[in-house]
Each structure stands twice: as C-alpha cells, then as structure tokens.
Amino acid sequence: MIDIHLPDNSVRSYEEGTTALDVARDISEGLARNVLAARINGEVWDATRPINTDADLQLLTWNDDDGKAAMWHSSAHLMAEAIEKLYPGVKFGIGPDIEQGFYYDVDFMDYEISEKDLGKIEKKMQELAREKQSYERNDVSKKDAISYFEEKGDEYKLELINELEDGSITFYKSGSFTDLCRGPHIPSTGFIKAIKLTKVAGAYWRGDEKRKQLTRIYGITFPKKKELDEYLVLLEEAKKRDHRILGKELDLFTFSHKVGQGLPLWLPKGAELRERLESYLKEVQRKAGYEPVISPHIGNVKLYKTSGHYDKYGAESFRPITTPVEGEEFFLKPMNCPHHCEIFNSKPHSYKELPIRYAEFGTVYRYEQSGELHGLTRVRGFTQDDAHIFCTPEQIKDEFNGVIDIIQQIFAALDFKEVIIQISLRDPDNHEKYIGSIENWDKSEKAIIEVAEERGLNAVIEYGEAAFYGPKMDFMVKDAIGRKWQLGTIQVDYNLPERFDLTYNGADNEKHRPVMIHRAPFGSMERFVAVLIEHCGGNFPLWLIPEQAIILPISEKYNEYGKKILILLQELGIRAAIDTRSEKTGRKIRDAEIKKIPYMFIVGEQEENDNNLSVRKHGEGDLGKYSVEEISKIINSEVEVMMNLK
RNA sequence: GCCGGGGUAGCUCAGGGGUAGAGCGCUUCCUUGGUAAGGAAGAGGUCACGAGUUCAAUUCUCGUCCUCGGCUCCA
C-alpha cells in the first residue's frame, strides 16, 4: 500500500499503481470529470499514470496553469493527428503549449497550406476529439524510438531523439498518432470541446534561420464552448484597441513610404499629446534633481568604438555617414549614454557633486529588420525618455528609490493600476562573464533587492538575466484588458564608466570611478504612447487628451453664444472646440462620442438665457447645467489630481 | 532578412483583360433642431511604383516599395 498526501493535509492509502484519476474518483465523480493532470511530488504527471510510491498529490484542472498546459499540449497532438489524416506523409517538428494555446511546426512537403485550410483541420480535430481517444504513455528504448521514426521518415523527430538519453524517452499515442513526447497529457481528447486554429506562419526548424522553414499552425482549445466565445470577444476587444487603427482614427500619427518604414510621423494631435507627456515628465524630473542635457543625432565612430557598441552592433547598424573631404565616419546615434558620458567628462567632478543626473528626451536610430517593424511599438527612430545618473556605489539604493518614485507617480497619473517588476541579477554559477568588481556587484544587487523589499514591490528575481555590465530592474504594466507590456527599465552599468574613464575626486583626493545608472520610465515615447492608446482604448486621461471638451450648439442660432463660451473656456485653460455644423444635436453628440471627447457642452436657448451650459460626459450622459467657471474648475481640478504635481 | 496574406476614393472594402464601384467622410443647398446617424445634390481615383506579355493591363508575369500575421533579431 502507498500513502497519498493531498493538499488539505489529509492522507489516503491506495494499492500500488493507483492513479491520480483513481484518487479523484474516490473523492468525487464530479472532480474526476475535471482532472486534466496531476502534480506528483512537484512534477506534473498524466492523471492516468500509475503511482508506485508514497506521494504528495495535487489534482490539476482547467483552473491551474499546468492543467491548461496539459490540455493545450494534448491539443497540439490532436491537431497533428488531424493533419496527418488530411495530409498523409507530412513530417512533424515540435508542438508545444504556449501562454495562450499551442502550435505545431509541420513540414507539409508538397502540400500548400494557407489560413483557408484551417477550418478543415479544425473540423477533423473536432471529429477526433469526439472519439475520446486516450493518451497512452510508453517508455521506449532509444533504438526503438529511432527505428520508429526512421520508418516514418521524420528526420526532425530523429534529430530530437538523437539528443536524448536512452532510458528517458517516452512516446505518447492518441488515436492513430504517435509522438515523441515527455508529456504530460490529459486523460482523453474528450476534454477538448472547443477548438480554434488561429494562424499559420513560417517558423525555422529549431529557430535557426539557416535551416528549413516549417509551417507553424497556432491554435487554442477550451473545455467549454462558452470559454472559446469569451476568448474570441477578448480578441475582438484587443483589435478595437489596436493603436495603429486608433492612431489613424484619432489623427495621432502616420507613416509614409517616402519617409521610410519604421519612421513615424506625429500628427498635430499626437504631437501635442506627446509634448504634454514629455513636459509632465520633465517637471517631475526637475523636481527630482535631474538636469537637462541635449546631444546631437549623430556621433563619430570613435565614440561608439569607445563605448563598445561599434564592435557589438556596428555591422547591424545603419551604414555610417561619411564626411566628403576627410572621410570621417559618423553613426546615427543608437543610444544617448555615450554622449552623456562625454558630457560628464567635460570637466572634473568632486564627490560632493554626486549624484549627477543628466536627462534628455533623446531620439535614437536603430536598424531593425524590416519584418520586425510594428506600428509605434517597434520602429527605427524613437525617442527615449532617457537619463543617466552618475553616483557612488553607496548611492545606488537612494537613486533606485528616486527613480521608482518617478515611475510610480507617472504610472498612477496614467491609470496603470498593476505594475510588475523583474529584477535581473547575475548567474550565480558564472561570475566570470560580468564586468566590474564582485564587491560592487554584491553591493548593487543587495541594494536593488532591499529597495524592492522595503517598498513591497510586486517583483520577481531572475538569476542570470543581468546584462554583462550590471544588474537591472524592468517594469511591466498590465493594461485594461490584462495584457502585459514591457516598458521602463533601471540599469546599473559598470562598463561605460570604465570605457570612458569617468572619474570623480573623492574626499581622499584620489580619483574614483562613478557608477552609472541608465533609466527610462517610459522606455520610448513611441512605444509608450502605443501602450497607452491600447490601455485606454483611445479614451485618454483628461490631462492628456488633445480635446477635453466640445461645444455643441443646438442650432446655428446659438453658434455665436457657443463661440463666446469657447473663448472663455480657453482662457480658463480648457482645451475645447466647437461643432458649428448645421446638424441636429443628436448627430453632433454621436460624433463627439465616437471621437471620445470627454466633455460635451450643449448650448441652446435656455443656456444662452441663463448664461450657462448643459454638460454631457462621454460614456455617461447628461450631468445637468453648469456655469463656464464651475465646469472649468471641475475639469482643472480633475486634471490636477491626476497629475499629482505637488 | 525569411515564409505566407495584402496594397482600388480621406476611411472601411467590393470588383475584374475593353481605362472603375458601395458605405462612411468631405463640399454645397434645403432643414434650425434638446442628449448616439434629417434630406438632396456634388466633388473626389496614374486601381502602390517600374518593366514585360497583349490590339488593349487596374486586372496576367516579373521586379521594387510599403503593409499585415508569424519566424529570427533587439544596445
């Protein structure tokens, strides 16, 4: 007999060879019907795999990430089976579960596959799912594994098997499909009730662009039809928030093939919005002791040879600009930090001056592969909200605190409620690959961890993720529909101070090496604005939105009164416009609602007589009558609270 | 850069070897209105660009540019 320990601390005894599914049935039939997999002594297993020793057991359902993973991985097998039935002779690469579903990389040989074929595969999958095929796990020897796939002629699987240890190889068989697979899988395909194949894409075998490109098919499955429907609604919602579409609709930015791909053009409304963001951050930074600096858009190749960027990225950069007579080479600047190092170096510094904080909205240019460009989130020219802090190792902690204050303030002002932080530290097993002294690394890593703990930040520590030049802290936000976006970063740098030979005079009158901290709360203005658009779906916070209010005269008779109000509003600092078209009020309201203008001021005979206006709020409706002064005060104080500038 | 979709009016898109269509928007006129679409008329296109095939190309072929979904890459 073996003892099975359950999460509620109860212990049950079973015959050897019992399964997680047996245990579940023992608890309740209902539970058993929902069990997708099980965690046995910390390892995820098939719910149908025999347990032969005492064990801790946790049953996994659709509510557990590992349960979902088992479901999606099993779905990948189901898709492979369907594909094999429809397209005999195809070969399979890998088919894992991913964050949202699964994919399988397939070598379709001579078959041509496009999105039009997905429906057919989906249908076949549904058919096979209804057969409630079980997933059978089998240990196989390396020899047998090889001969199976040799016979099948699948060189991809053979390549994978060759890298595996004999004795650790398992096959899974479901229906007519047998795959090399570690598992775990769900008990049967019957759990897969709703199937959606989402896209087809090319993917290199093993991610290597020199190797054959396979066809990758993405899909997602659910245990209930309703959940698929909800997922599809979410996709629709994401589509509606696409910053490329909203950017066009709201006249924020555009691209021109004559200007060049990946080079955004900011339209007046977008530029105003961005300027407002920038001046806000400038004000916050000024208060936090930053000093502005400005550097040119190009720099001599020597600068980047000194910084090390030339060796690392020179070949993948835009080609250098050459002076006509001397033949000197200049690069478009890919980073602001080398310039800022030279600004620091322009005169000697005393320890009494530190920390020095140079801030610049610096536009940088990087050659990105053409296929990688995407709206404003991935471009070839962008503006970093950059700053470099030069300080002593002892000051790192305070400086991190200061930067986090700034980041939290601006994220709050923009209504990002959830911020996730990643702290990237050295690989503890490999200290050699990092530049800088061990003591300094220890000091800075300790400082970062302490800051996170003291502030109670929602942070995860990743070992081995640090850059070779220093540890870092990255900020991610969750948007209104739950998607995560990587934004700002704070990075310690021991490398550039070394390369640029930055020094300050210490109290001992000796030269010392400062530490440099790179930080960008937004990351890039382009990417940030894109994220903001998608987060708020174009309904920008009142302090940022290009048009805060629009005056809607009931008829042309009240246009004069409306214009008078407009001037008053503008004098009181409200960004307003007026709709003087000869349209009905309902129409003007509808148009203003679609344009997502926060406040609508309706003026007609009553308002003109009482010298006030009727206020309608976007998405809410009629708020009643206010005087111009009253409503301006309301709007301005709403703005002030959001900006939180003391 | 690679694989696969695309590029037709300001926007969203239909069409197809005989030089072009819808809806919305825009302009003008009628209408003068009270909280999400009043009516009519009109303007607007080198069908991305370049070459080829053809009596004839926006349509077919090739190339280039741009764009979308992925892959790869990302200081």
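Model, not experiment: these values are computed from the prediction. Note that these values count all heavy atoms, side chains included, but never hydrogens, waters or copies made by symmetry. Throughout, protein chains are lettered first and strands after them, A, B, ... in sequence-line order, and every chain is numbered starting at 1.
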Length of the line joining A:Ile551:CD1 and B:G34:C1', which is rounded to integer Å: 16 Å
Separation of atom NZ in A:Lys212 from atom P in B:C2, rounded to whole Å: 17 Å
Protein-nucleotide distance (A:Glu608, atom CD; B:G33, atom P), rounded to Å: 14 Å
Out of B:U35, B:G38, B:C73, whichever nucleotide has its closest atom nearest the side chain of A:Lys584: B:G38
Between B:G52 and B:G70 - C1' atom distance, rounded Å: 33 Å
Electrostatic pair A:Lys557:A:Glu605 at N-O distance under 4.0 angstrom: no
Whole angstrom value for the distance that separates C1' of B:U35 from CG of A:Leu623: 11 Å
A:Glu583 (side chain) and B:G39 (base): donor-acceptor pair under 3.5 Å: no
Whole-Å distance separating the OH atom of A:Tyr103 from the C1' atom of B:G4: 18 Å
Sugar-phosphate, base or nothing in reach of A:Lys248, heavy atoms under 4.0 Å: sugar-phosphate
NZ/NE/NH1/NH2 to OD/OE distance under 4.0 Å, A:Asp242 and A:Lys240: no
Side chain to side chain contact (heavy atoms under 4.5 Å, CB included) between A:Thr585 and A:Ile554, worked out: CA-CA 6 Å; A:Thr585 311; A:Ile554 294 285; 3.5 Å; yes
Strictly under 3.5 Å: I want the nitrogen or oxygen pairs between protein and nucleotides 23-25 of chain B, one per line.
from: B:G25; atom 1: OP1; to: A:Arg587; atom 2: NH2; distance (Å): 2.1

Check: A:Arg527 side chain, A:Leu487 main-chain N or O, donor-acceptor pair, under 3.5 Å: no
Residues in side-chain contact (heavy atoms from CB on, under 4.5 Å) contact with A:Glu560, at least two apart in sequence or another chain: A:Lys563
Could you go through nucleotides 44-46 of chain B and list every protein N or O atom that sits under 3.5 Å from one of its N or O atoms, giving the distance for each pair?
none

Pairwise C1' distance, B:U19 and B:U8 [rounded to whole Å]: 13 Å
Distance between C1' atoms of B:G21 and B:G15 (Å, rounded): 7 Å
P-based separation of B:A75 from B:U61 [nearest Å]: 41 Å
Give every donor-acceptor pair under 3.5 Å between a side-chain atom in residues 616-623 of chain A and any protein atom, sequence neighbours left out.
from: A:Arg616; atom 1: NE; to: A:Glu593; atom 2: OE2; distance (Å): 2.9
from: A:Arg616; atom 1: NH2; to: A:Glu593; atom 2: OE2; distance (Å): 2.9
from: A:His618; atom 1: ND1; to: A:Glu593; atom 2: OE1; distance (Å): 3.0
from: A:His618; atom 1: NE2; to: A:Asn539; atom 2: OD1; distance (Å): 3.1
from: A:Asp622; atom 1: OD1; to: A:Gly624; atom 2: N; distance (Å): 3.0

Within residues 609-619 of chain A, residues whose heavy atoms come under 4.0 Å of RNA chain B: A:Ser614, A:Arg616
C1'-based separation of B:C62 from B:C24 [nearest Å]: 37 Å
Residue pairs fulfilling ring-ring contact (aromatic ring centres under 6.0 Å, His included) with at least one residue in residues 200-220 of chain A, sequence neighbours excluded: A:Tyr103-A:Tyr218, A:Tyr156-A:Trp205
Of all pairs that satisfy salt bridge (Lys or Arg N to Asp or Glu O under 4.0 Å), the ones with a partner from residues 245-263 of chain A, not counting sequence neighbours: none
B:U31 base / A:Ser582 side chain donor-acceptor hit below 3.5 Å: yes
Any pair counted as side-chain hydrogen bond (donor to acceptor under 3.5 Å, both in side chains), so long as it reaches residues 306-318 of chain A, sequence neighbours left out: A:Ser307-A:His309
Per A:Tyr367 side chain, nearest of listed nucleotides B:G1, B:C74, B:U12: B:G1
Within residues 356-379 of chain A or reaching into it, pairs that qualify as ring-ring contact (aromatic ring centres under 6.0 Å, His included) - sequence neighbours excluded: A:His297-A:Tyr365, A:Phe318-A:Tyr367, A:Tyr358-A:Phe390
Contacts of A:Glu607 that satisfy side-chain contact (heavy atoms from CB on, under 4.5 Å) - sequence neighbours left out: A:Tyr561, A:Val603, A:Asn612, A:Ser614, A:Lys625
Gap between atoms CD and C1', on A:Glu560 and B:U32 respectively (whole Å): 15 Å
Dump the pairs, protein N or O against N or O of nucleotides 63-71 of chain B, anything under 3.5 Å, distances to one decimal.
from: B:U67; atom 1: OP2; to: A:Gln261; atom 2: NE2; distance (Å): 2.4
from: B:C68; atom 1: OP1; to: A:Arg244; atom 2: NH1; distance (Å): 3.4
from: B:C68; atom 1: O3'; to: A:Arg244; atom 2: NH1; distance (Å): 3.3
from: B:G69; atom 1: OP1; to: A:Arg244; atom 2: NH1; distance (Å): 3.2
from: B:G69; atom 1: OP1; to: A:Arg244; atom 2: NH2; distance (Å): 3.0
from: B:G69; atom 1: OP2; to: A:Arg244; atom 2: NH1; distance (Å): 3.4
from: B:G69; atom 1: OP2; to: A:His374; atom 2: ND1; distance (Å): 3.4
from: B:G70; atom 1: OP1; to: A:Lys199; atom 2: NZ; distance (Å): 3.4
from: B:G70; atom 1: O3'; to: A:Tyr218; atom 2: OH; distance (Å): 3.0
from: B:G70; atom 1: N2; to: A:Gln213; atom 2: NE2; distance (Å): 3.2
from: B:C71; atom 1: OP1; to: A:Tyr218; atom 2: OH; distance (Å): 3.2
from: B:C71; atom 1: O4'; to: A:Gly202; atom 2: O; distance (Å): 3.0
from: B:C71; atom 1: O2'; to: A:Tyr204; atom 2: N; distance (Å): 3.2

Sugar-phosphate, base or nothing in reach of A:Glu605, heavy atoms under 4.0 Å: base
Expected output: side-chain A:Trp441 to main-chain A:Ile435 donor-acceptor under 3.5 Å: yes
RNA chain B: 5'-proximal contact among A:Arg590 and A:Lys312 (nearest heavy atom): A:Arg590
Criterion side chain to side chain contact (heavy atoms under 4.5 Å, CB included) on A:Tyr290 and A:Ile406, from CA distance to verdict: CA-CA 11 Å; A:Tyr290 287 73; A:Ile406 291 175; 3.6 Å; yes
Separation of atom CG in A:Leu118 from atom P in B:G5, rounded to whole Å: 13 Å
Stepwise salt bridge (Lys or Arg N to Asp or Glu O under 4.0 Å) check, A:Glu159 with A:Arg206: CA-CA 10 Å; A:Glu159 185 176 328; A:Arg206 316 210 85 176; 3.2 Å; yes
Touch class at under 4.0 angstrom, heavy-atom based, for A:Gly586 against every strand present: sugar-phosphate
Sugar-phosphate only, base, or nothing, as touched by A:Glu607 at under 4.0 Å among non-hydrogen atoms: base
Presence of salt bridge, A:Arg483 and A:Glu534, under 4.0 angstrom: yes
Any donor-acceptor pair under 3.5 Å from A:Asp107 side chain to A:Leu214 backbone: no
Parallel, tilted or perpendicular: rings of A:His518 and A:His388 (30°, 60°): perpendicular
Value in whole Å for how far the C1' atom of B:C74 lies from CE of A:Met335: 12 Å
Short N-O contact, A:Asp591 and A:Arg587, less than 4.0 angstrom: yes
Base-paired stems in RNA chain B, each at least three Watson-Crick or G-U pairs under 3.5 Å: B:1-7 with B:65-71, B:10-13 with B:21-24, B:26-30 with B:38-42, B:48-52 with B:60-64
